[in-house]
Colleague: 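Quick one: structure below, then a few questions.
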Amino acid sequence: MKHFTVTFRPQGRRISIHAGATILEAAGQAGIILNTVCGGVGTCGKCQVILQPGDRKVLACRRRIEENLTVEVPSESQFFEQQILHHGVDRQIEVAPSIHDQYPDLKAAEHLFGVAVDIGTTTVVAMLIDLADGSCRATAAVENPQIRCGDDVVSRIAYASGAGGLDELHEAIISCVNDLIEQLCRRTAVAASHIYEVTVAGNTTMNHIFLKFPVEQLGQAPYKAWSTKAQDRNAGVMQIAINPRGNVHVIESIAGFVGSDITAVAVAVGMDKAEGMTLVVDIGTNGEIILGTKDRMYAASCAAGPALEGARISQGGRAVEGAIEAVFVS
Ligand code: FES
């Protein structure tokens with residue numbers, strides 16, 4: 001097959017790619033991540049690049065390569081690293097690892113760890129927890145690598161519904177979680193073989209992709225989840241790089257767009273025991289709220305991404321370099 005050379009500026013990177021590939025694919029091959037809010041279907045305009053000479057503006061996701069090209073990447077089209085919030089307020093909890101029931105021999109084990117993972121549409125955060133006392137030994141965070149396939153859950157669902165899309169997104173998140181676990185182990189000198197529990201929370205779409213459940217139905221009314229039930233899997237089978245005897249727990253979701261991340265928050269703040277009216281708010285790319293008491297709770301969700309994370313807006317942006325992060329009045 002014929003190949004062409006594509007040069008990206010101002011990065012100065014040059015790659016060779018087969019005829020018919022898109023500029024978006026070429027950029028990915030060159031290690032340049034472009035904004036793909038719509039998942040590459042040509043509707044958001046955020047991946048615009050400029051062909052030189054001639055200053056011709058084209059959408060990187062639509063323009064196929066049929067000649068050698070020099071491509072200028074405007075900074076507003078490039079995806080930059082973001083600030084990720086990865087710390088919070090701890091609450092004293094009693095730790096009762098289920099692995100003790102499964103393998104009684106581990107009750108005497110000196111080193112037993114778990115990892116708590118929050119899979120967000122935009123960011124993924126993992127904490128290494130000492131299962132002896134529940135203390136957090138280290139935290140690691142990265143951007144969700146699925147972002148190259150669409151910024152929000154709707155784009156991600158559309159991508160996963162295409163040929164091979166679900167496999168690609170699933171493999172991306174498994175390898176992302178494994179990278180985070182490796183980082184945590186490296187920083188704390190904890191052996192991955194001493195990690196026996198991984199607990200995962202995320203919105204329903206992220207959970208489905210992590211578990212490789214079909215997601216097409218989440219993109220169409222009545223937006224039904226394939227399953228909202230809590231899932232317990234063997235780590236070895238899930239290819240999660242901890243002790244292969246270990247477990248992966250995915251927390252129960254509530255509905256198609258009310259995921260296990262808000263369930264986890266509700267449990268973390270003790271809403272299941274709340275006598276007074278309590279409001280739990282989780283603002284992510286997908287925003288979710290629960291209002292109620294221990295006896296009755298109501299949940300709702302909406303797309304918060306457009307307001308807070310830069311999707312489909314012409315002004316403002318994510319918490320990347322150049323964004324206002326704090327204001328001090330003296
Ligand atoms: S228009 Fe190209 S990614 Fe949206």
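Along the sequence shown, residues are numbered consecutively beginning with 1. Atoms within a ligand are numbered from 1 in the order they appear, just like the ligands themselves.
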Colleague: Does either side chain, that of Q146 or that of R156, offer a donor lying less than 3.5 Å from an acceptor on the other one?
Modeller: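 Result is yes, a qualifying pair exists.
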
Colleague: With distance as the sole criterion, is a donor-acceptor pair present between the side chains of Q102 and Y196 under 3.5 Å?
Modeller: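 Side chains of Q102 and Y196: no pair found under 3.5 Å.
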
Colleague: Can you list, by chain and residue number, the protein N, O or S atoms under 2.8 Å from atom 2 (Fe) of ligand 1?
Modeller: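 Sorted hits: C47 SG, C61 SG.
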
Colleague: So, using side-chain hydrogen bond (donor to acceptor under 3.5 Å, both in side chains) as the criterion, who are the partners of S260 when residues are at least two apart?
Modeller: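 For S260, the residues satisfying side-chain hydrogen bond (donor to acceptor under 3.5 Å, both in side chains) (neighbours in sequence not counted) are N207.
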
Colleague: Would you say that V248 contacts N234 through its side chain, given a criterion of any heavy-atom pair below 4.5 Å between the two side chains?
Modeller: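 V248 vs N234: side chains apart.
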
Colleague: If you draw the axis of the six-membered ring of F8, does the NZ or CZ of R14 fall within 45° of it and under 6.0 Å from the ring centre?
Modeller: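 No, R14 does not sit over the ring of F8.
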
Colleague: Determine, for D130 against R137, whether the closest basic-nitrogen to carboxylate-oxygen distance falls under 4.0 angstrom.
Modeller: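 Judged by the 4.0 Å cut-off on N to carboxylate O distance, D130 and R137 do form a salt bridge.
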
